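Encoded as structure tokens, the structure appears first; notes follow it.
Counting convention: from 1, in listed order, for ligands and their atoms alike. All figures in this text were calculated on a predicted structure; none of them were measured in a lab.
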Amino acid sequence: MRTLQNSRIIVVKIGTSTITKEDGSADLDFLRDISKQIADLKDKKKCNVVIVTSGAIGLGVKELALKQKPRDIALRQATASIGQTILMQSWRDAFSEENIKVAQLLLTYDTFTDRQSYLNLKNALTQLFVLDVVPIINENDSISIAEIDASFGDNDRLSAIVASKIEADLLILLSTISGLYDKNPKEHKNAKIISEVTSITDQILAAAGKSSGLGSGGMKTKLDAAKLCNNAGTVMVIANGKEKNILPRILSNEELGTIFYPSKKIPDKKRWIMFAPAAGKLIVDDCVQDLLNSGKNLLPAGINTVVGDFNKNDVVDLVYKDKTFAKAIVDYDSATLNKIKKQSGHKNAVKRENLVIL
Ligand code: GLU
């Protein structure tokens with residue numbers, strides 16, 4: 001039995017294929033319809049809704065009459081910046097019919113790597129909720145480059161990170177597919193939607209396909225998003241955006257799409273450590289057992305090698321036998337750690353409360 005009726009903070013992610021028509025232009029009827037549904041939820045359920053929208057590159061492709069999403073990075077960035085204005089104009093027009101104001105937030109990976117920027121984002125969103133404005137988020141594609149790993153790459157992951165950071169109750173991924181199928185529905189006529197997932201098993205991962213078309217996401221990135229939500233204690237639903245009145249129906253607990261239930265909630269600070277990019281690495285010795293089993297602090301004596309140039313309080317990967325098993329905030333900079341590694345008698349290199357096992 002689903003119990004989503006009391007969700008108060010909801011993130012709705014909408015993919016490019018859902019937002020655009022077959023000719024690549026914005027599907028204004030669809031945007032109006034979703035805006036109406038959100039207005040209805042805000043009115044009846046008093047919930048705060050954040051939209052994570054794709055479509056900037058897709059709409060830019062249409063505007064420039066390109067045949068496909070450009071591979072050239074500079075052209076893709078330019079395309080995104082052109083499409084983003086069309087995307088926001090379309091959302092603004094759609095919501096204005098409901099007398100709802102919207103705000104645009106373009107995020108980069110760095111927004112979440114710097115704790116202060118992330119707190120600033122959280123404050124801005126809180127203020128937008130107070131003003132009863134719908135925040136509309138996309139990645140700042142013009143300055144983020146997936147090729148150097150400095151971007152989210154797809155809005156499935158971005159929406160899950162946003163949902164996790166703002167401690168949303170629910171993330172809804174609206175796409176053109178109706179949920180997670182037990183086998184590829186394009187190949188198997190008898191494929192069925194898995195209505196409920198409580199843990200992302202190898203079998204579930206095997207059921208996921210690859211991405212195609214203008215959007216970046218596929219089922220794989222949706223499952224990555226589900227994993228992120230799992231750690232944040234956020235429920236996630238994958239559903240078909242084109243199904244009639246989909247959002248209120250999900251909130252009324254209709255068995256639509258696939259619901260992913262979180263199994264555990266990791267405290268805010270630990271989640272931040274998990275998602276922060278590592279500034280370096282500490283390669284540890286057999287003390288790994290103590291870290292994994294008995295929850296001890298990491299002492300300099302247990303560190304074999306220090307990789308990278310990092311400062312005190314940076315986040316680093318903890319590596320054992322070529323495998324990153326944890327992330328942590330370090331108590332010393334790399335130069336100091338290089339001097340005191342493998343030696344006993346020094347204070348903690350990492351305190352337990354600043355360490356997350358992956
Ligand atoms: N940020 C991209 C855009 O707006 C979309 C990424 C995705 O497809 O997930 O075009």
Side-chain angles (χ1 to χ4, degrees), residues 11-21 23-28 30-31 34 50-92 94 102-112 121 135-164 171-177 208-229 236 238-241:
V11 178
V12 180
K13 182 262 167 177
I14 312 179
T16 303
S17 317
T18 316
I19 269 171
T20 51
K21 293 196 284 198
D23 69 358
S25 63
D27 187 343
L28 300 176
F30 171 76
L31 294 185
I34 288 291
V50 175
I51 294 179
V52 175
T53 184
S54 302
I57 298 176
L59 293 174
V61 164
K62 171 75 179 166
E63 179 79 351
L64 293 173
L66 303 174
K67 285 210 171 59
Q68 60 195 21
K69 188 160 141 179
R71 293 174 72 87
D72 174 76
I73 294 172
L75 180 57
R76 194 163 72 226
Q77 290 172 314
T79 307
S81 65
I82 292 162
Q84 181 64 30
T85 64
I86 304 167
L87 184 61
M88 274 318 290
Q89 176 81 52
S90 309
W91 276 117
R92 187 169 186 266
V102 296
Q104 169 184 265
L105 294 106
L106 296 178
L107 306 185
T108 61
Y109 200 75
D110 298 342
T111 319
F112 296 108
L121 170 71
I136 301 187
I137 295 177
N138 194 2
E139 180 160 12
N140 195 343
D141 293 311
S142 306
I143 59 166
S144 315
I145 310 174
E147 282 69 8
I148 56 164
D149 229 20
S151 86
F152 304 98
D154 64 84
N155 279 355
D156 292 329
R157 265 182 285 249
L158 168 62
S159 64
I161 294 176
V162 168
S164 129
L171 167 64
I172 301 175
L173 301 183
L174 290 184
S175 80
T176 45
I177 42 162
K210 288 216 172 87
S211 121
S212 64
L214 277 175
S216 317
M219 203 40 87
K220 158 97 182 50
T221 57
K222 291 183 175 45
L223 293 184
D224 288 346
K227 281 191 206 156
L228 293 167
C229 285
M236 188 183 108
I238 300 175
N240 192 329

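In terms of polar-atom proximity, Asn155 is counted as a contact of ligand 1, with an N or O under 3.5 Å from an N or O of the ligand. Residue contacts with ligand 1: Glu139 is placed with no nitrogen or oxygen under 3.5 Å of a nitrogen or oxygen of the ligand (distance criterion only). For the pair Leu87 and ligand 1, the shortest N or O to N or O distance does not fall below 3.5 Å.
Contact check on Asp72 versus Arg76 returns no salt bridge, with no Lys/Arg side-chain nitrogen under 4.0 Å from an Asp/Glu carboxylate oxygen. Remark: Asp27 does not engage Lys21 in a salt bridge, criterion side-chain N to carboxylate O under 4.0 Å.
Heavy atoms of Gly55 approach ligand 1 to within less than 4.0 angstrom.
Under the 3.5 Å distance criterion, with hydrogens and angles disregarded, no donor-acceptor pair is assigned to the side chains of Asn138 and Thr53.
With hydrogens and angles ignored, the 3.5 Å screen pairs a side-chain donor or acceptor of Asp154 with a backbone N or O of Arg157.
The environment of Gln104 atom CD is dense: over 12 non-hydrogen atoms of other residues, nucleotides or ligands sit within 6.0 angstrom.
Set against the non-hydrogen atoms of Ala56, the atoms of ligand 1 under 4.0 Å away are 3 (C), 4 (O), 10 (O).
When heavy-atom distances to ligand 1 are checked against a 4.0 Å cut-off, Asp141 comes that close only through its side chain, counted from C-beta outward.
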